[in-house]
J.: 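Before I ask anything, let me first share the structure, which is written out below as C-alpha cells.
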Amino acid sequence: MEVASLPAALELVAGGGAGLSPEKRAVLGASLLLLQRDYRFERVWFWGCIQGVRGAYYIAEGLGPDRAAPRSRLYSLNCVEWSFLPPATEEMVAQAEQLKGRFQGDPSFEYEHIEINAEDAERLFEDGKEPTIKEEARLVATIEQIDRAVGIIPRGAFLKTPLGSVHENRNFEGLSLMEAKKLSSYFHFTEPFNLKNKTLLEKADLDPSTDFLDSLEHDIPQGSWTVQLEKGDTVVVLRSLLWLGLMFYHVPMTKQYGYIYFGTGEKNFDLPFML
Amino acid sequence: MMVKMEKGETPLPNVMETAFYFEQAGIGLSKDESYHIFLALKKLVSVQPIQTCRFWGKILGLEMNYIIAEVQYHEGEEEEETEEEEVIEEGGKRRGDVEDEDEETEKEDEPPKSTYKPPPVIPKEENGTGANKYVYFVCNEPGKPWVKLPPVTPAQIVCARKIKKFFTGRLDAPVVSFPPFPGNEANYLRAQIARISAGTHISPIGFYQFAEEEGDEEEEGGGGRDTYEENPDFQPLSVVEMVDSLSTWVHHVQNILKQGRCVWLNPFQKSEEEEEDEEEEKEEEPDELQQEIGPPLLTPLSEDEGIQNIPAWTAQPSTNLIPQYAVAILQSNRWPGAYAFASGRKFDNIYFGWGHKYSPENHSPALPPPVQAEYPSGPEITETRDPTLEEELAFKAAKEEALAAAEEEDDEEDVEDDEEEDDD
C-alpha cells in the first residue's frame, strides 16, 4: 500500500488483528520517503511484514514508470536500514518451494537438506557446492510467489497503453458497492495465465486497456478468497486463504485500495481440506 | 486483565487499556473496533449475571468473523442447559420404541445381532471446572447479540485435534469432516477456544499462586490442583527479565489431556460411591487404561515443547529504542495468533487469527479404519478349490481299488476260516 495513505490503510486492515506499532509507523513514514528519494522510485509500496521465529522482515517495493515491470524489493529488520533483495529467478522459486517451516529471522541463515531432482543434483554437484539455500533467497522467492499468486488490484485501477506499458488510471473513481462484492472485479497484478484461454466471445466483451489481467473468479480452489464488508459496508476486505495473512482493502466509490501481507510467509497447503 | 472486585464494582474489562499495550507491539484491532467491542462487552455485562469478563479475542471466518468474550458467572447464578439433553433423550426413547415393534414382528428371521460395543463415552467436565471453567459468548460484530457457546465435551476436543476446517461465521453451520465432528460449528468453535486457552494463556510467574488448602494432595486420582488465586505479594519483574527467559511465565489454564479432559477419568471405573466401598477389588477390565498425566497448573513456559527446531514462544520487547517503557510481548508459535503482554503488574492474553494450530507438516486427514472382520477364519469357512475331473476319477479309482483289495482280504480270511472249520 502507498506510503502516504499508510496510517488510514492500516486502520482499515486492522480487522485481522495484525498491524504496526506506532513506533514502526513513525519510522516507516520517514524511511519510505527517503527510499523514494534516494532510489528515485515513482511509487513506493509497503508490502508487508513476514514474521520469523527470531525477528521480522519488513518489505517494501519500489515501482518505476511502468508499473507492470519487475519491481525492486527491499527488506529491513528494523524499518530504518533497507537492503535490496536480488531479483527472483525461477530456480530460486523452485528451490524455495520445497522448504517448509517458519522463517528464522536471520537473513544469512542457511537451509540444508533440500530435496531436489536427480538432474538438478547432478548439476549442482558438478559445481562442487552442496544444496543449501539462504534465507534471503527464500525471502525473495516467497515474496515473488505471494505477489504472483495473490497480489490483487481492483478492475480499472490500472491502464495498459497501446505501447504496452502500464500505469495508474487517473479516472478510476473506485468500484461500486455491487461490483466490489464480486470476485470478478479484482485482478491479479501479474502476468495473466488464463486470458488467452478465454473464448472469442468472452474476449469481445473485454476492454483491452483495463481487462488485461486475470480476474479472481477462476482461482483454484474456488473459495480461496473471503470477501467481507466491514465498518458498516464502507470497506470491502478480501483475505486470501491460500497465503494466510494477505489482506486487500478497498473503499468503494473512492480511490483507496491496497494490499498488505502480515504473516509467517508459508503457503497454506491444507486449504482444500479446510474449506 | 483480571479486575479485582475490591477495586471497582464492574466486571467490565478495560479493553482500551489492553488494546494500548498490544498496540505497542503492532497487535490489535483498529481503535474504532476496539471501542465498539468495549461497548458490546458493557452490554453483555449488564444483561448477564457475570462475575468476571474478558475480551478473549477474534477468530476470522469465511463469511463473518467471531468476537469472543470469556466470562465467569457469579457462583450459583448459572443457568444449566438441560434443553439439549432432554431432546437427545426423547429421540433415543422414540427410536427404542420403533425397534421394539420391529423385533416383535420379526422374531424368527432376525439377522445376527452385532457384538460391537462402542467405547464408553467420556463425560464432559462440570461447568466451572477444567475445560469448562469459563463460559464463552460470541458475536459476529460488535452490536449484534451475544450468543452463549455450549460447554465442550471431551469427544469434541479429541475430534477437533484431528480436523482442520475454516470457520464460516455461522454458528449453526455443519462441520463436514472426517472423523465426523460431533456437533456443529458452535461446538467446533468452543473446542478450538478451549484448546487455544489451554495452550496459550500465560501469566507472569508469581502473579497467581495456589490457594493454601489442607489435604490438597490427597485428592482422588492424584490430579493436580485446579484452582489458583491472585498473589497479593506479587513483585513484577523487569521487562528485560520477562523477555530473556521463558521461565518467568507460567500457564494458568489447565492442560487438556489426550482424553479431552483436564482431569483424567477412567471410563470403566464405577461411580465414586461404589469405588469407596469396593476399594480392595481389582479392576479386571479388558482394556486397562493408563492414567494420563499432563503438566500441572502453573508450569513455566520453559517446559513447553517446541515444534521441530522452533521454540514454542517468541519473546520480544515492544521497542528497542525506548527500553524504559517497553512492554514484554510473547507470540505463540504453536498457535499463531496468540499473544501475551506483560508490563509491570499488568498482563493479558489475546488471540487474533483463524483458529488453527501450526503444523509444519501438511495436514493429513485420518484414514478410515480397516474393514472389520465379520467372522474368524478357519478351515470350515475357508474356501478350497473344487477338485477337477481327473482328480475325481483318480480318487474314485483309488477308492474302488482299496475296496476291492479289502474284499479280497475278507474273502481270503473267510476261505481260511472255512478251511480251518473244515479241518476240524
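Computed from a predicted model, the values in this text were never measured in an experiment. Note on naming: letters A, B, ... go to the chains in the order of the sequence lines (proteins, then strands), and numbering restarts at 1 for each one. As a basis for the values below, the full set of heavy atoms in this structure was taken, side chains included, without hydrogen atoms, waters or symmetry mates.
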J.: Taking all heavy atoms of B:S30 and all of A:A14, pick out the closest pair and write down the distance.
T.: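 Heavy atoms of B:S30 and A:A14 come nearest at N-CB, 3.4 Å.
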J.: Under a 4.5 Å cut-off applied to non-hydrogen side-chain atoms, are A:M274 and B:H356 in contact?
T.: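 Side-chain contact under 4.5 Å: yes.
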J.: Which region of A:R239, side chain (C-beta onward) or backbone (N, CA, C, O), has a non-hydrogen atom less than 4.5 Å from a non-hydrogen atom of chain B, or is it both or neither?
T.: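 Side chain only.
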J.: Output the distance between atom OG1 (A:T264) and atom CD (B:Q331), rounded to the nearest 0.5 Å.
T.: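 Rounded to the nearest 0.5 Å, the OG1-CD separation comes out at 11.0 Å.
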J.: Heavy-atom pairs under 4.5 Å with chain B: which of A:L20, A:L271, A:D270, A:L275 has the most?
T.: A:D270
J.: Do A:E266 and B:Y358 make a side-chain contact, defined as non-hydrogen atoms from C-beta onward lying under 4.5 Å apart?
T.: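 Answer yes - side chains close enough.
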J.: Is the shortest side-chain heavy-atom distance between A:Q51 and B:P336 below 4.5 Å?
T.: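 With C-beta onward as the side chain, the pair stays apart.
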J.: In the structure I gave you, are the side-chain heavy atoms of A:F269 and B:E361 within less than 4.5 Å of one another anywhere?
T.: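 A:F269 vs B:E361: side chains apart.
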J.: Looking at B:K31, I'd like to know if its NZ atom is crowded, meaning that more than 12 non-hydrogen atoms belonging to other residues, nucleotides or ligands lie closer than 6.0 Å.
T.: no
J.: Hey, which of B:F352, B:Y339, B:Y351, B:F166 has the most heavy atom pairs under 4.5 Å with chain A?
T.: B:F166
J.: Select one option (side chain, backbone, both, neither) describing which atoms of B:E33 are under 4.5 Å from chain A's heavy atoms.
T.: side chain
J.: Given the options A:L241, A:L12, A:N78, which has more heavy-atom pairs under 4.5 Å with chain B than any of the others?
T.: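 Most heavy-atom pairs under 4.5 Å with chain B: A:L241.
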J.: Among B:S359, B:G28, B:P360, which has the most heavy-atom pairs under 4.5 Å with chain A?
T.: B:G28
J.: Checking heavy atoms, do the side chain of B:K58, its backbone, both or neither come under 4.5 Å from chain A?
T.: side chain
J.: Side chain, backbone, both or neither: which part of B:W354 has a non-hydrogen atom closer than 4.5 Å to chain A?
T.: side chain
J.: Looking at B:K357, I'd like to know if its NZ atom is crowded, meaning that more than 12 non-hydrogen atoms belonging to other residues, nucleotides or ligands lie closer than 6.0 Å.
T.: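 Result for NZ/B:K357: enclosed.
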J.: Other residues, nucleotides and ligands only: do more than 12 of their heavy atoms fall within 6.0 Å of CZ on A:F109?
T.: yes
J.: Just wondering, do A:T226 and B:E63 contact through their side chains at under 4.5 Å, heavy atoms?
T.: no
J.: Report the distance from atom OG of A:S21 to atom CZ of B:F22, rounding to the nearest 0.5 Å.
T.: 14.0 Å
J.: Checking A:K24 against chain B: side chain, backbone, both or neither under 4.5 Å from a heavy atom?
T.: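 No part of A:K24 comes within 4.5 Å of chain B.
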J.: Show the nearest heavy-atom pair for residues A:P22 and B:E23, with the distance to one decimal.
T.: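 Heavy atoms of A:P22 and B:E23 come nearest at CD-O, 3.4 Å.
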J.: Give a yes or no answer on whether the side chain of B:T314 reaches the backbone of A:V53 with a donor-acceptor pair at less than 3.5 Å.
T.: yes
J.: Can you say whether B:L29 sits under 4.5 Å from chain A via the side chain, the backbone, both, or neither, judging by heavy atoms?
T.: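 Backbone plus side chain of B:L29, per the 4.5 Å heavy-atom cut-off to chain A.
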J.: Report which part of B:S318 has an atom under 4.5 Å of a heavy atom belonging to chain A: side chain, backbone, both, or neither.
T.: backbone
J.: Most heavy-atom pairs under 4.5 angstrom with chain B, which of A:E230, A:Q228, A:E11?
T.: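 That would be A:Q228.
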J.: With a 4.5 angstrom heavy-atom cut-off, is it the side chain or the backbone of A:L10 that approaches chain B, or both, or neither?
T.: neither
J.: Tell me, yes or no, whether the heavy-atom count around B:F178 atom CZ, taken from other residues, nucleotides or ligands under 6.0 Å, exceeds 12.
T.: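 Result for CZ/B:F178: enclosed.
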J.: Could you check whether B:T319 and A:E23, counting side-chain N and O atoms only, form a donor-acceptor pair closer than 3.5 Å?
T.: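 Per modelled atom types, A:E23 and B:T319 side chains form a pair under 3.5 Å.
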J.: Do the non-hydrogen side-chain atoms of B:N333 and A:R102 ever get within less than 4.5 Å of each other?
T.: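 In contact.
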J.: Measure the NE2-CZ distance between B:H363 and A:F273 for me, rounded to the nearest 0.5 Å.
T.: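 So the gap between those two atoms works out to 6.0 Å.
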J.: If you measure from CG on B:D32 to NZ on A:K231, what distance do you get to the nearest 0.5 Å?
T.: 4.5 Å
J.: Minimum heavy-atom separation for B:E141 and A:L229, please, with both atom names.
T.: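 Closest heavy-atom pair between B:E141 and A:L229: OE2-O, 4.3 Å.
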